[in-house]
Amino acid sequence: MSIIRLETIDSTNLWAKSNLADLPDRTIVSSNRQTSGRGRFNRMWIDLGNDNIFMSFVLKPSSMFKDVYPNLTQYLSVVVTRVLENYGINSQIKWPNDVLVNGKKICGILSETVTQGSNLKGIVLGIGINLNSDLNSLTEIKDKEATSVNIELGCLHVDKLEFEEKLIYEFFRFYDEFLKSGFAMIANEYISKSCFLNKEINVQVFDEIKSGIAEQITDSGELVMDINGLKSVLTMGDILSWKN
Ligand code: BTN
């Protein structure tokens, strides 16, 4: 495992993808600033300053795609909740991989797969964590309520290198085992930390909004919804809102 530290970059995911051929498996790319950070569904990921985390894990587990790889985002979300717990912060997961504290987003994850024909060249697992911010800067994030680790800790300054170290350590602690066992390995923990199960939810799936009850998470991490008595199994989407 090695870490590449950059000062300012458009996006650590973009940089990792452009340099993928030269980066060994388990390289971490971390930047102090991101000028063009991207989130899921082509959204922007706003840079809240250099004491926040903008990082990508470069993973090259095999040259053939395996079903477990899309679940790495969920694995990473569970890892983040463990690290936050270590800081005394209780966090929840919004399917598939947002991490929230009291309903406010603190971390986002974006996985991108690079292939050539049927060959998998690598997976770039990007993560942004609001580590040190202030209430005023957080208002720059317009699409949802957000919070940061330092705010949750009562406005202390949180050491970025120490947080990154804990995150990387926790990620690789059970990474090999996760690749072998798949989502089932974390299913109980993921479900116990989920904030949307058994609630009425609205989920954006491509151009459609599906409304119903979030019933279950399958052993492969999919979300089962009950929509007017009919079961719908979602492999991707974005939960826009939920209520009890
Ligand atoms: C989301 O919540 O939509 C995912 C956000 C992912 C943001 C991180 S920051 C580091 C990496 N580089 C990017 O451009 N995006 C990810």
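Both counts, for ligands and for their atoms, begin at 1 and track the order of listing. Only this structure's heavy atoms are used, side chains among them; waters, hydrogens and symmetry mates stay out. Quick caveat, the model's predicted, so the values are computed rather than measured.
Using a cut-off of 4.0 Å between Lys/Arg side-chain N and Asp/Glu carboxylate O, K160 and D51 are scored as not salt-bridged. The pair E145-K105 does not count as a salt bridge, with every side-chain nitrogen at least 4.0 angstrom from each carboxylate oxygen.
Atoms of ligand 1 lying under 4.0 Å from at least one heavy atom of G37, given by number and element, are 14 (O). Per-residue contacts place G39 under 4.0 angstrom from the following atoms of ligand 1 (heavy atoms of the residue considered): 1 (C), 3 (O), 4 (C), 5 (C). Listed by number with element, the atoms of ligand 1 under 4.0 angstrom from any heavy atom of S11 are 12 (N), 13 (C), 14 (O). Set against the non-hydrogen atoms of R40, the atoms of ligand 1 under 4.0 Å away are 1 (C), 3 (O), 4 (C).
Across S56, S18, S111, a single residue satisfies side-chain hydrogen bond (donor to acceptor under 3.5 Å, both in side chains) together with N13, and that is S56.
The part of I127 lying near ligand 1 is the backbone, judged by heavy-atom distances below 4.0 Å.
Between Y190 and F183, the angle of the ring planes goes over 60°, which puts this pair in the perpendicular group of the 30/60° scheme.
Not one N or O of S56 is nearer than 3.5 Å to an N or O of ligand 1, by distance alone.
Aromatic rings from Y175 and F178 are positioned such that their centres are separated by 6.0 Å or more.
Among all protein heavy atoms, the one lying closest to atom 12 (N) of ligand 1 is Q34 OE1, 2.8 Å. Scanning the protein heavy atoms around atom 11 (C) of ligand 1, the nearest turns out to be T12 OG1, 3.2 Å. In terms of protein heavy atoms, atom 2 (O) of ligand 1 is closest to K105 NZ, 2.6 Å. Closest to atom 5 (C) of ligand 1 among all protein heavy atoms lies W45 CE3, 3.4 Å.
Cation-pi geometry between K166 and F171 is not satisfied (NZ or CZ under 6.0 Å from the ring centre, within 45° of the ring normal).
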**Request:** Begin with the C-alpha distance, continue with both residues' side-chain angles, and end with the deciding distance and a verdict on salt bridge (Lys or Arg N to Asp or Glu O under 4.0 Å) for R26 and D176.
**Result:** CA-CA 11 Å; R26 300 173 200 228; D176 291 310; 2.8 Å; yes
**Request:** Given side chain to side chain donor-acceptor pair (under 3.5 Å), test T147 with E152 step by step and report yes or no.
**Result:** CA-CA 7 Å; T147 188; E152 295 303 322; 2.6 Å; yes
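Of the listed residues (M44, M55, K144, R38), the one carrying the non-hydrogen atom nearest atom 6 (C) of ligand 1 is R38.
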